[in-house]
Amino acid sequence: MELKRRPRRLRASETIRRMVRENHLRIDDLIYPMFVMPGQKQRVEVSSMPGVYNFSLDEFVIALGEVVKLGIPAVLLFGLPESKDSVGSGAYHEHGIVQEAVRLAKQHYPELYVITDVCLCEYTDHGHCGIIDQGRILNDPTLDLLAKTALSHARAGADMVAPSDMMDGRVAAIRETLDREGYSHVPIMAYSAKFASGFYGPFREAAGSAPQFGDRRTYQMDPPNGNEAMLETALDIEEGADLIIVKPALAFGDIIYRTKERFGLPVAAYNVSGEYAMVKAASAQGWIDEKRIVMEALVSMKRAGADLLITYHALDVARWLKEEEHL
Ligand code: PBG
């Protein structure tokens, strides 16, 4: 048969496949999310996220050693405070759990890039990302607290802040406060396209941050909406966002693609807790090949246009990539 075009020619061996491969996972793409809590000598595994732990600060520093050794450039920190209240004071306390973790991380590993999640939900007794009046989540009064939180992280030495609350105007409020206080060099990675997703379930167990009433649909986006994600992103960029997060990642590849195509800024895909839990559960049953599934899912995010990958699989991925290097 006379077939001129035969795409299979370029798939004939691993060597030629390697040569024409279009997208690659790199250790430099990875951002590893970590949870810190009070106490000592504790490393408590999150039951719905095998391999993910809540670390006391001493154990956190030990765990960072492994992150650095693997060459992972960045961590994203979440805190479980000693106590919670209605205004989330633990979020912006000078000696709050995340602030202390940042200080320790920068002290032990100055080269490691430390990013902090800026939100109130882990610190409020009602579990919402803003302050509340008669069951309503108030937007503007929350902005001051978010800006205070970001500032306290910057003061502790955070290299970058990542607001995840989805209040309107938070990027502007944080940018203004950071600039006024001498932190104009600290970038903002905004969770711009953050959807009200069922995929956050295991995270809420990890961070003890499930809302005590209602849900997050009045501030996080409705999953069927794509144009709205473009609006949110455009607003965040206008307000000063330096990088954009799309979250979750797996079910939102179109949003990653559109964001990158339209805005061109660095985009981070957040491969969230539920995505991790599904892979871990199926792999524990022997139903899937964990490494293949993880690598395929993550490279799909890169193919869609993501530059950075926030993933609980980061340590495993870094190990796998190193192994392949040595083959
Ligand atoms: C805080 C926050 C959440 C996640 C990141 N930051 C939880 C939420 O919005 O309910 C989810 C991360 C994950 O599921 O891995 N607002």
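We count ligands from 1, going down the list as the structure has it; atoms in each ligand are counted the same way. Just the heavy atoms: all of them, side chains too, but no hydrogens, waters or symmetry mates, feed the values below. Everything numeric in this text was worked out from a predicted model, so none of it was measured. Each residue takes its place number in the sequence, starting with 1.
- Residues Y270 and P248 form no side-chain contact, since every pair of their non-hydrogen atoms from C-beta on lies 4.5 Å or further apart.
- In the vicinity of Y270, heavy-atom distances shorter than 4.0 Å reach the ligand 1 atoms 12 (C), 15 (O).
- Within the 4.0 Å heavy-atom shell around ligand 1 one does not find E275.
- The residue among K247, R216, M49 with a heavy atom at the shortest distance from atom 11 (C) of ligand 1 is K247.
- Per-residue contacts place K194 under 4.0 angstrom from the following atoms of ligand 1 (heavy atoms of the residue considered): 1 (C), 2 (C), 3 (C), 6 (N), 8 (C), 9 (O), 16 (N).
- For ligand 1, the polar-atom distance check finds an N/O of Y312 within less than 3.5 Å of one of the ligand's N/O atoms.
- A 4.5 Å side-chain heavy-atom check between M160 and V114 finds every atom pair outside the cut-off.
- The nearest heavy-atom contact from the protein to atom 12 (C) of ligand 1 is F203 CD1, 3.3 Å.
- For the residue pair Q220 and S197, no side-chain donor N or O sits within less than 3.5 Å of a side-chain acceptor on the partner.
- Taking the ring centroids of H153 and Y92, they lie at or beyond the 6.0 Å cut-off.
- In summary, K322 and E325 do not engage in a salt bridge, as defined by a charged side-chain N under 4.0 Å from a carboxylate O.
- Aromatic pair F199/F252: centroids not less than 6.0 angstrom apart.
- In this structure, K247 forms a cation-pi arrangement with Y200, its terminal cationic atom sitting closer than 6.0 Å to the ring centre and no more than 45° off the ring axis.
- A 4.5 Å side-chain heavy-atom check between Y53 and V46 finds every atom pair outside the cut-off.
- Contacts between D165 and ligand 1 below 4.0 angstrom, taking non-hydrogen atoms only, are absent altogether.
- In terms of polar-atom proximity, defined here as any N/O pair under 3.5 Å, E122 makes no such contact with ligand 1.
- Near C121, the atoms of ligand 1 lying under 4.0 angstrom from a non-hydrogen atom of the residue are 1 (C), 16 (N).
- Under 4.0 angstrom from ligand 1, the non-hydrogen atoms of S273 come from both its backbone and its side chain.
- Taking every heavy atom of S164 and a limit of under 4.0 angstrom, the matching atoms of ligand 1 come to 1 (C), 2 (C), 6 (N), 16 (N).
- Taking every non-hydrogen atom of F78 and a distance limit under 4.0 Å, the qualifying atoms of ligand 1 come out as 5 (C), 6 (N).
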